[in-house]
Amino acid sequence: MGIWNKIDGDRLELGGPVNEAGPSGWSLTRRPDGIAWLVLDAPGLSTNRIDAAMLTALNDILAGLEADPPRGLVLRSGKRSGFMVGADIAQFRAVSDAALMATELAKLHAVFDRLEALTFPTVAVVHGHTLGGGLEISLACRYRIALSSAQLGFPEVQLGLHPGLGGVGRSIRLVGPSQALPLMLTGRTLRAPQARRMGLVDAVVEERHVAAAVRAAIDGKLQRRPLKGLDRALGSGLGRSIFADLLKVQTAKKARPEHYPAPYALIDLWQKHGGDFKALKAEEIGSFSRLLVTPQAQNLVRLFFLREGLKGWAKGGGAIERLHVVGAGAMGGDIAAWCAYSGLTVTLADISPKALGGAMKRAAKLFDRRHLKGKLLREAADRLIPDPKGEGAAGADLVIEAAPEKLELKQKIFAGLEAVMKPGAILASNTSSLRLEDLRATLARPERLVGVHFFNPVAQMQLVEVVRHDQADPAALAAAGAFVNRVSRLPARVNSAPGFLVNRALMPYVLEAMVMADEGLPLEAIDEAAERFGMPMGPIELADQVGLDICLDVAEILSLGLKTPLPAVPDWLTVKVKDGALGRKTDKGLYAYRKGKPVKRPVAKPLDDRAVDRLILPMLNACVACLREDVVADEETIDGAMVFGTGFAPFRGGPMRYARERGVAEVVAALQGLEASCGPRFAPDEGWKALSP
Ligand code: NAD
């Protein structure tokens, strides 16, 4: 027995003696005051998580405690990273047998039930990540004490699931359906004080007060707040039925049941069984297991790994601390603000003092939206330095150019930058459509040029395309990728080609919508067709949001650079742009705008599935062309980039996954059908032939 050192790797000091852990990671220590401390420090993992082996070991420990009961039991994590999270998500991959899953889950439930049934007081002391199954195991204890670092939540809904280890019933019983259901339906994370206000934890304390708080809990001195009157009313069948309908209406505003069944399954589960805790717990097993085998959940589980894949290639690349951004317009200003928010020191240059002033104002708004206050706000603001003379370029590790999309202008800017930049510094362009091969032509050191293509709005779009040309230094690319990771964006590796991946795939979607509008189809019906497929926003609204001027520019550049024909740009689009109707930013575009929102009429007659294909299949076709031309290395990068860069129906797992699920032959046949009826722009790309069926 010994006291752990203060900072011993990932271990946490627990303020008292703790036995060494057994092979399962559990250690049980009975202290002289009669309280047993059960600590988990899963071997070889940075975070504790729930799995069958650790629960089997826990089951044995619980049997010992039943035979020789302590005065109370404390459940803690020995890891600095946090208390515990749920199952290893890898275990959810490729699960196809719901009945088998239910049998396995029932065994895990039995351990949770055993913990809950102990006759002496049990206290979970939680810190850091206390998510999913980790929160669920704490709910099987009689009390929960949180350190202020605790973050608690049920993220399962993001994987197309709901809690599956008794958390549905236990959270509802503890804090009432009016609070527990929205928590599970949104997947949001609570900070410790919020969890305390909700009643999910009984106390929030500092580490030095944990032992006293534990004693207070075990002595029955912690006050638990009673359920609200509303929650008591929701105990009746009628109350549940009314509230369930209300929740479904609210949920439907965000997600359709055919796209995201999990929230609806959760509401149904509670509506049917909410009056009977045991039945609710038992039925949760079947509901969770049925959800897990749905294509939607499997695709969302896969997305988790696609995200990891995008991050993974650039882990550990060179360290970028000082950033210089040239151009404080829509993109440069927001990139600079985002990077300062993310902890980098950023100098921001522009020839226009007005643009610089505007960028600084937008940065202040970003910091406010992100709830930066006091010292954190001052520090972020200090990190963003307006630099009208461009002096920061000399000290920067990375320079991002975000000047207007004109080759000669960018080359002139590069010449000035090259003269002052540090030898090892990287030069990046945020160009959307210019060829890196042209941009590099006048550089003395072309190898340090890379593309880092952020999307608009920078603070919301997770993806950044990191663009390689054939003379780029691999170390510069890796450092650019690591920089993107560092500012919490996802770097997708693409090769230099017109429109890279995302714009190239998105443009046919947007332009086809314009052709359909030209044919007289209502704008709202076109958008509805895409949303019915699962796109977060229809193509017409998207065009307005991106800006019709930008759409026009990208369309022109793509039509020049690509062999595959694009839908012709309608004349009226050019006229609109000339007239200054540029979309949302001018409050006038394809839609009219009121208070920044498009004015849409209800859709009288939804378009048929062929119309959906007209919009979606050209996107798939462009993705396959990118694969064939080696713009991207693999289908996973395409799917990750399209979901995180365009919002492509996440529950479908990305365009390539969708093509695979629907069947390559079937997609090719549908494209051929459209080619016959609508024209050669639908001709299936040669690349489909190379895709294994
Ligand atoms: P913008 O016109 O809003 O901003 C460009 C800024 O550069 C202006 O403030 C201008 O004053 C400044 N500038 C001009 N010449 C300069 C010089 N010599 N030195 C310093 N600053 C100078 O343009 P934007 O929309 O921010 O686009 C910038 C780049 O980002 C372009 O390459 C564009 O293709 C790309 N991009 C744009 C979007 C988008 O949605 N707007 C998305 C992705 C990428």
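First listed ligand is number 1; within each ligand, the first listed atom is number 1.
No donor-acceptor pair under 3.5 Å is formed between the side chain of Lys315 and the backbone N or O of Ala482. Not one N or O on the side chain of Arg504 forms a donor-acceptor pair closer than 3.5 Å with the backbone of Met619.
Side-chain N/O atoms of Glu437 and Ser496 include a donor and acceptor closer than 3.5 Å. Side chains of Thr345 and Glu321: a donor-acceptor N/O pair is absent below 3.5 angstrom, by distance only. Side chains of Thr637 and Asp634: a donor on one and an acceptor on the other come within 3.5 Å. Under 3.5 Å, the side chains of Ser432 and Glu405 contain no donor-acceptor pair of N or O atoms.
Heavy atoms of Val326 found under 4.0 angstrom from ligand 1 belong exclusively to the side chain.
With hydrogens left out, the protein atom closest to atom 36 (N) of ligand 1 is Ser432 OG, 3.2 Å, a heavy atom. Ranking the protein heavy atoms by distance from atom 9 (O) of ligand 1 puts Asp350 OD2, 2.7 Å first. Annotation: atom 22 (C) of ligand 1 to nearest protein heavy atom, Ile351 CG1, 3.7 Å. Annotation: atom 33 (C) of ligand 1 to nearest protein heavy atom, Glu405 OE1, 3.8 Å. Distance from atom 35 (C) of ligand 1 to its nearest protein heavy atom, with residue and atom name: Asn430 O, 3.3 Å. Scanning the protein for heavy atoms near atom 42 (C) of ligand 1, the closest one is Met331 SD, 3.6 Å. Nearest protein neighbour of atom 14 (C) of ligand 1, counting heavy atoms only, is Pro404 CD, 3.4 Å. Looking at atom 25 (O) of ligand 1, its nearest protein heavy atom turns out to be Ala330 CB, 3.9 Å.
Distances from atom 4 (O) of ligand 1 to the protein include at least one heavy-atom value under 4.0 Å.
Interface of Ala355 with ligand 1, defined as ligand atoms under 4.0 Å from a residue heavy atom, comprises 9 (O). In summary, the atoms of ligand 1 found under 4.0 Å from a heavy atom of Thr431, numbered by their order in the structure, are 32 (O). The atoms of ligand 1 that sit less than 4.0 Å from any heavy atom of Ser352 are 11 (O). Numbered from 1 in the order shown, with element, the atoms of ligand 1 that lie under 4.0 Å from a heavy atom of Ile413 read 17 (C), 18 (N), 19 (N).
When only interatomic distances are considered, the shortest N/O to N/O separation between Phe454 and ligand 1 does not fall below 3.5 Å. Among the atoms of His453, none of the N or O lies under 3.5 angstrom from an N or O of ligand 1.
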* List the steps, then state whether side-chain contact (heavy atoms from CB on, under 4.5 Å) holds for Leu627 with Leu691. => CA-CA 10 Å; Leu627 199 57; Leu691 293 185; 3.9 Å; yes
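Expressed to the nearest 0.5 Å, how far OG of Ser342 lies from CG of Leu323 amounts to 10.5 Å.
With distances taken over non-hydrogen atoms, the option nearest atom 41 (N) of ligand 1 out of Ile550, Ile335, Leu434, Val502 is Ile550.
Between Tyr341 and Trp338, the ring planes lie tilted relative to each other; the angle falls in the 30° to 60° range.
Heavy-atom separations between Lys410 and ligand 1 include at least one value shorter than 4.0 Å. The closest approach between Lys412 and ligand 1 stays at or above 4.0 Å for every heavy atom of the residue.
Within the structure, the ring-ring contact (aromatic ring centres under 6.0 Å, His included) test picks out the following pairs touching residues 493-514 (sequence neighbours left out): His453-Phe500. The salt bridge (Lys or Arg N to Asp or Glu O under 4.0 Å) pairs that include a residue from residues 646-657 are Arg657-Glu661, where partners are two or more places apart or lie in different chains.
A ring-centre distance under 6.0 Å is not found for Tyr658 and Phe651.
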